[in-house]
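In listed order, ligands and their atoms are each counted from 1.
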Amino acid sequence: MCQQTTVAAVVPYFERWMAAFPTVAALAAADEQAVLGHWQGLGYYSRARNLHRAAKAVMERHDGKVPGDLALLEALPGIGAYTAAAVVAFAFDKPAPVVDANVARVLARLHDFREPIDSARGKKFLNEAAWTLQPESGAGKFNSALMELGALVCKPRSPICPLCPIRGACRTRDPEALPIKRSRQAVTSVTERRAWVVENGAIHLALSTERWKGMWILPEIDDEGAPVVHVENYPITRYRVRMEVVVAPCGSVAGLRAFSWHEIETIPIPSPHRRAIRALAETQVTRHR
Ligand code: SF4
């Protein structure tokens, strides 16, 4: 849940999630719509789908027990090197290279590594450097300590070197110049048109098969001439999306399903679409063109 999302934002979602799916078995047995419903508002829904798939895989391959092995964890849907290492170190207290942004910064400075840390060579270097430091016991505490060192002492700006417990081993003379990163991918602006189809007190929505697979969304429409009644701007991956909503008559878009206003509160709808629906419902834009 904390990928791309702050801990403060995650806490209430995590608590509701754990109440609904307290065990791997409960999550594996859950309906996908219920899983997506509990993720609603967190964004990046592939994480919810992957957790669901991973829970099913743990039931099938590991008799319901999460494995404490890097390779077995990485073979599960949605689990990459970082998450696998975090599970092994924090849940099983076994050595594993947990390299988050804070740890990457500490390691790059400690070794005065002057290459991009987000390159293939950089990642390999950090992984090996983190492995070299792992203690035989107490890996959970050690990895936590390294993360905290980066967050509280070896900060991106103004690191507190005089107070640093590993100052004697640190090779860099210019900590603020490190780590080096490749230039960021440019953000691309895109505009998409969505239809507001309301008839007889029901709103007509499409089941997404792409970005928000399994969730209900305002349907796409190709109608340049229609006046825009609502705009939602939102970021997703490297895109900045301008979603323009236009009123469309019933039947103008195929394959929709009608929902009552009560029902839409209970089905999974991605946040930008839900915001648009709520805003338009409030302004009572229910007439046909
Ligand atoms: S001595 Fe300074 S730069 Fe080096 S690891 Fe410690 S806080 Fe970071």
Going by an N to O cut-off under 4.0 Å, is there a salt bridge joining K141 and E148?
->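 E148 and K141: not salt-bridged.
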
Taking 4.0 angstrom as the limit, do E282 and R278 come out as a salt bridge?
->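 Salt bridge absent between E282 and R278.
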
Please determine if atom 4 (Fe) of ligand 1 has an N/O/S atom from C161 lying under 2.8 Å away.
-> no

Is the backbone of C2 close enough, under 3.5 Å, to the side chain of T5 for a donor and an acceptor to pair up by distance?
->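 Judged by distance alone, no pair lies under 3.5 Å.
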
Between R275 (side chain) and E232 (backbone), is there a donor-acceptor pair under 3.5 Å?
->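 A pair under 3.5 Å: no.
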
Distance to 0.1 Å, residue and atom name: give those for the protein heavy atom nearest to atom 4 (Fe) of ligand 1.
-> C170 SG, 2.3 Å

Under 4.0 Å from any heavy atom of [X], which atoms of ligand 1 are there?
| X | value |
| --- | --- |
| C164 | 1 (S), 5 (S), 6 (Fe), 7 (S) |
| C154 | 3 (S), 5 (S), 7 (S), 8 (Fe) |
| P175 | 3 (S) |

R238 versus T188, side-chain donor and acceptor atoms under 3.5 Å | yes

